[in-house]
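Since we're looking at a predicted model, the values are computed, not measured. Throughout, residue positions are numbered sequentially from 1 according to the sequence presented.
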Amino acid sequence: MIAVRAMIGVVFLIAFLSKSAGRGRFAAFVESLPAMGVVPPRLVGLAAAAVVTAEGAVCALLIAPSDVATVAGLTLAAGLLSVFAAAIAHTIRRATGAACRCFGASAAPLGRRHLVRNVLLTAVAAAAGPMTLGGQAPATATGALVAAAAGLVVGVLVTVLDDLAELFGPSRARRPPDAPRAHTNRRPSGISGTSGRNNHASPDQRRGARGGTVFAGPDPHPGRDQAPAGTRRAAGGEGRRPATLGDRTRRAGG
């Protein structure tokens, strides 16, 4: 039971120091209790002091070189852990998003992993108490040292559960895929108010574009750039050519 004593002892020692080593830490622990919705506001300070005192008592009992003290410490630890597990389950059910301050400052909200951790620790502490009084063969110095070291390592890992979950867990912040850029029609230089589609416009439309106006449909002034349909009909389907100065001179001479 040396490994269990070391594990439960280091867990409660870190929990005790993280809440009591400094006035600021204890005040932060007191301020975190109302968010859980377990203790009435007027009893928050008293409940916080009782928790810290009980955690310190567990550490003192497990260090004492007595089987009776060890059993008392493990029993008290199992009772505290069961109360903590019930409080965590209540907080999860209410979905308050309260942060876990079991081992000091933490931004991780109370969740299922905290509930599972406390339930397992409760089971270990409750089972180790009666086994301590069962009369075990004394361990060798080397065996006791290895068991104590293993218990300390496991206990420290339990206290940094949130850090391990953040380090090895899936990333919650994922960048959204880049939105496709909209394709815009660039205006050709030198033409005001036109787009690239006017490159395929008719000659009349291009002449209008150079003048600052684009006719998207039929020409509203047919007499400006083209003659009426009747004057363009001639032999061979060609329009009538206007008379020149030479033609008028030949007519006069004839």
Give me the atom names and distance for the closest heavy-atom approach of [X] to [Y].
X	Y	answer
Ile8	Ala125	CD1-CB, 4.3 Å
Thr96	Ala35	OG1-O, 3.2 Å
Arg117	Leu161	CD-CD2, 3.9 Å
Val10	Met7	CG1-O, 3.2 Å
Val11	Phe103	O-CE2, 3.4 Å
Ala128	Val4	CB-CG1, 3.5 Å

Pairs of donor and acceptor atoms involving the side chains of residues 37-46, under 3.5 Å and at least two apart or interchain, shall be tabulated with distances.
none

Please report the C-alpha distance between Ile92 and His114 in whole Å, then the side-chain angles of each, then the deciding distance to 0.1 Å, and finally whether the side-chain contact (heavy atoms from CB on, under 4.5 Å) criterion is met. CA-CA 10 Å; Ile92 295 174; His114 303 99; over 6 Å; no
Which salt bridge (Lys or Arg N to Asp or Glu O under 4.0 Å) pairs, counting each pair once, include a residue from residues 67-86, with sequence neighbours left out?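 Passing the test, one end in residues 67-86: no pairs.
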Verify, without hydrogens or angle tests, whether Lys19 (side chain) and Cys102 (backbone) share a donor-acceptor contact under 3.5 angstrom.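 Indeed, once roles are kept as given, a pair shorter than 3.5 Å links the two residues.
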Donor-acceptor contact present, side-chain Arg5 to main-chain Leu62, <3.5 Å: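 It does hold such a pair.
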According to a 4.5 Å side-chain heavy-atom criterion applied to Ile, Leu, Val, Met, Phe, Trp and Tyr, with indirect links allowed, do Ile2 and Leu121 form part of one hydrophobic cluster?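 Each belongs to a different hydrophobic cluster.
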Output the distance between atom CG (Leu17) and atom CD (Glu55), rounded to the nearest 0.5 Å.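 Leu17 atom CG to Glu55 atom CD measures 9.5 Å (nearest 0.5 Å).
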Would you compute the distance between atom CG of Leu115 and atom CZ of Arg93 and round it to the nearest 0.5 angstrom?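 Taking CG in Leu115 and CZ in Arg93, the distance rounds to 10.0 Å.
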Side chain to side chain, Phe26 and Ser20, heavy atoms closer than 4.5 Å: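 Sidechains of Ser20 and Phe26: no contact.
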Connected hydrophobic set around Leu120, excluding itself, where side chains approach under 4.5 Å: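 Same cluster as Leu120: Val116.
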Set of residues satisfying side chain to side chain donor-acceptor pair (under 3.5 Å) with respect to Arg113, sequence neighbours excluded: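 By the side chain to side chain donor-acceptor pair (under 3.5 Å) rule, Arg113 matches Asp162.
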Qualifying residue for side-chain contact (heavy atoms from CB on, under 4.5 Å) with Phe16, from Thr53, Val58, Val52, Val51: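 Result: among Thr53, Val58, Val52, Val51, Val52 is the only option passing the side-chain contact (heavy atoms from CB on, under 4.5 Å) with Phe16.
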Can you list the residues that meet the side chain to side chain contact (heavy atoms under 4.5 Å, CB included) rule with Ile63, with sequence neighbours excluded?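 With sequence neighbours excluded, Ile63 shows a side chain to side chain contact (heavy atoms under 4.5 Å, CB included) to no residue whatsoever.
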Check residues 68-87 and write down every donor-acceptor pair under 3.5 Å in which the side-chain atom is one partner and the other belongs to a residue at least two apart or another chain.
unit_1	atom_1	unit_2	atom_2	d
Thr70	OG1	Ser66	O	2.9
Thr75	OG1	Val71	O	2.7
Ser82	OG	Ala78	O	3.2
Ser82	OG	Gly79	O	2.6

